[in-house]
A.B. asks: 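Input: one structure, supplied below.
The analysis underlying the following values was restricted to heavy atoms, covering all of them including side chains, and did not include hydrogens, waters or symmetry mates.
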Amino acid sequence: MATAAEEKPDRGRTWQEVLVTVLLVVAAVGTSWSSYQATRWNGEQAKAAGRTNAIRIDAARAQGQAQAQTQVDVATFIAWVDADRRGDAAIADFYAERFRPEFRPAFNAWMATRPATNPDAPPTPFAMPQYQLASRQEAERLDAAAAASATDVLRDIQIASNYVLTVVLYAVVLFFAGMSTKIARRRLRWILLGVGCLVFVAAIAWIATFPISVEI
């Protein structure tokens, strides 16, 4: 015949088992979610890295075009200077008529400073603020865009790493929750379970601040 002590349920033990079960289930789900998000953000990082490389290629192409255009401007300007110094107006006009449209405003502004007689005049039209190349400006814009995209790559890497760390925290939760069921002393069981709950709450509070990447 069962004694009264045996028939009376241990309500504390029952609540502990319920809490352990909930903690194990939620921590397991959290582990799966964090693993999924870490994989997703690794993918986002790879895509951002691809965009960064593409932008850098375009920036290098624009910079190369700017350098080629500058070389053309320098060559035609040197030819004009040589003809002008020889007093060959026809040849000088020939080269002047073939100045690129982006170079002509700088050349005209430079001529307005009377470089032949003004010692304070800029040495060449290339020192004038009017000398602006659209390709060079495009290269600078693309360089800035590449830098911003590189920042996105680093951000995505950090987010993926944070999700991986939460997987470690969930593993700690699972360890303490599981160990609490193996301990005979009631007080020690609650201590282990309390530590597991504390780590779980901290992990949940931290992961709530993370961005989410979902693709269907």
Side-chain angles (χ1 to χ4, degrees), residues 36-165 206-207 209-216:
Y36 169 71
Q37 284 298 306
T39 302
R40 288 287 309 144
W41 283 103
N42 281 328
E44 294 292 337
Q45 175 266 324
K47 290 189 289 186
R51 289 194 300 269
T52 301
N53 291 334
I55 294 172
R56 284 174 174 165
I57 291 173
D58 290 340
R61 185 181 296 111
Q63 184 63 34
Q65 182 180 4
Q67 291 175 351
Q69 291 173 339
T70 300
Q71 291 174 356
V72 171
D73 293 338
V74 169
T76 53
F77 175 69
I78 290 175
W80 175 87
V81 169
D82 183 62
D84 184 67
R85 287 188 175 180
R86 293 199 316 266
D88 194 339
I91 296 298
D93 291 342
F94 173 83
Y95 285 113
E97 290 172 357
R98 284 157 179 78
F99 287 155
R100 290 192 325 105
E102 289 180 311
F103 177 65
R104 192 178 302 279
F107 177 78
N108 293 336
W110 180 70
M111 290 296 292
T113 64
R114 301 183 180 276
T117 58
N118 182 9
D120 296 328
T124 68
F126 303 100
M128 302 296 294
Q130 289 82 359
Y131 186 64
Q132 300 290 333
L133 298 181
S135 55
R136 181 174 299 158
Q137 294 174 350
E138 177 67 6
E140 293 174 353
R141 185 190 68 80
L142 290 171
D143 283 336
S149 183
T151 301
D152 290 340
V153 172
L154 296 178
R155 180 183 65 90
D156 293 344
I157 292 175
Q158 184 61 57
I159 293 173
S161 299
N162 289 345
Y163 272 112
V164 171
L165 182 55
W206 187 37
I207 203 172
T209 64
F210 297 173
I212 297 174
S213 174
V214 179
E215 183 174 319
I216 301 177

A.B. asks: Minimum heavy-atom separation for Pro125 to Phe103, with atom names?
C.D. replies: CB-CE1, 3.7 Å
A.B. asks: Closest approach of Ala121 and Pro115, non-hydrogen atoms and distance?
C.D. replies: CB-CA, 3.7 Å
A.B. asks: Measuring from atom OG1 of Thr76 to atom OH of Tyr95, what distance do you get when rounded to the nearest 0.5 angstrom?
C.D. replies: 9.5 Å
A.B. asks: Test your reading of the model: is there a side-chain donor-acceptor pair from Ser161 to the backbone of Ile157, 3.5 Å cut-off?
C.D. replies: yes
A.B. asks: Hey, could you give me the CD/CD distance between Gln67 and Gln65, rounded to the nearest 0.5 Å?
C.D. replies: 11.0 Å
A.B. asks: How far apart are the closest heavy atoms of Trp206 and Thr209, and which atoms are they?
C.D. replies: O-OG1, 2.5 Å
A.B. asks: Under the side chain to side chain contact (heavy atoms under 4.5 Å, CB included) criterion, do Arg141 and Gln137 qualify, and how do the steps go?
C.D. replies: CA-CA 6 Å; Arg141 185 190 68 80; Gln137 294 174 350; over 6 Å; no
A.B. asks: Judged by atom type as modelled, is there a donor-acceptor pair below 3.5 Å linking the side chain of Trp110 to the main-chain atoms of Pro122?
C.D. replies: yes
A.B. asks: Please examine the side chains of Thr70 and Tyr131, heavy atoms only from C-beta on, and report whether any two atoms are closer than 4.5 Å.
C.D. replies: yes
A.B. asks: If you draw a 6.0 Å radius around CZ in Phe126, do more than 12 non-hydrogen atoms from other residues or ligands fall strictly inside?
C.D. replies: yes
A.B. asks: Please examine the side chains of Trp41 and Gln45, heavy atoms only from C-beta on, and report whether any two atoms are closer than 4.5 Å.
C.D. replies: no
A.B. asks: Does Asp84 reach the main-chain N or O of Ala92 with its side chain, forming a donor-acceptor pair under 3.5 Å?
C.D. replies: no
A.B. asks: Just verifying a value: how many Å separate Asp152 CG and Asp156 CG, rounded to the nearest 0.5 Å?
C.D. replies: 6.5 Å
A.B. asks: Is atom CZ of Arg114 surrounded by more than 12 heavy atoms (other residues, nucleotides or ligands) closer than 6.0 Å?
C.D. replies: no
A.B. asks: Grab the two heavy atoms, one from Ala160 and one from Asn42, that are nearest each other, plus how far apart they are.
C.D. replies: CB-OD1, 3.4 Å
A.B. asks: State, to 0.1 Å, how close Ala146 and Arg56 come at their nearest heavy-atom pair, and which atoms those are.
C.D. replies: CB-CG, 3.6 Å
A.B. asks: Do NZ/NE/NH1/NH2 and the carboxylate oxygens of Arg40 and Glu44 come within less than 4.0 Å?
C.D. replies: yes
A.B. asks: Have Asn162 and Gln158 got a donor and an acceptor in their side chains that come within less than 3.5 Å?
C.D. replies: yes
A.B. asks: Is it the case that the side chain of Gln132 and the backbone of Glu102 share a donor-acceptor pair, with hydrogens and angles ignored and the cut-off at 3.5 Å?
C.D. replies: no
A.B. asks: Under the side chain to side chain contact (heavy atoms under 4.5 Å, CB included) rule, what do Gln37 and Ile207 come out as? Steps first, then yes or no, please.
C.D. replies: CA-CA 11 Å; Gln37 284 298 306; Ile207 203 172; over 6 Å; no
A.B. asks: Let me confirm one number: the CD-CD distance from Gln63 to Glu140, rounded to the nearest 0.5 Å.
C.D. replies: 8.0 Å
A.B. asks: Could you measure the distance from the CG atom of Asn108 to the CZ atom of Arg104? Nearest 0.5 Å is fine.
C.D. replies: 7.0 Å
A.B. asks: What are the two closest heavy atoms between Asp58 and Arg61, and how far apart are they?
C.D. replies: OD1-NH1, 2.7 Å
A.B. asks: Mind checking whether Trp80 and Phe77 have parallel, tilted or perpendicular rings, split at 30° and 60°?
C.D. replies: parallel
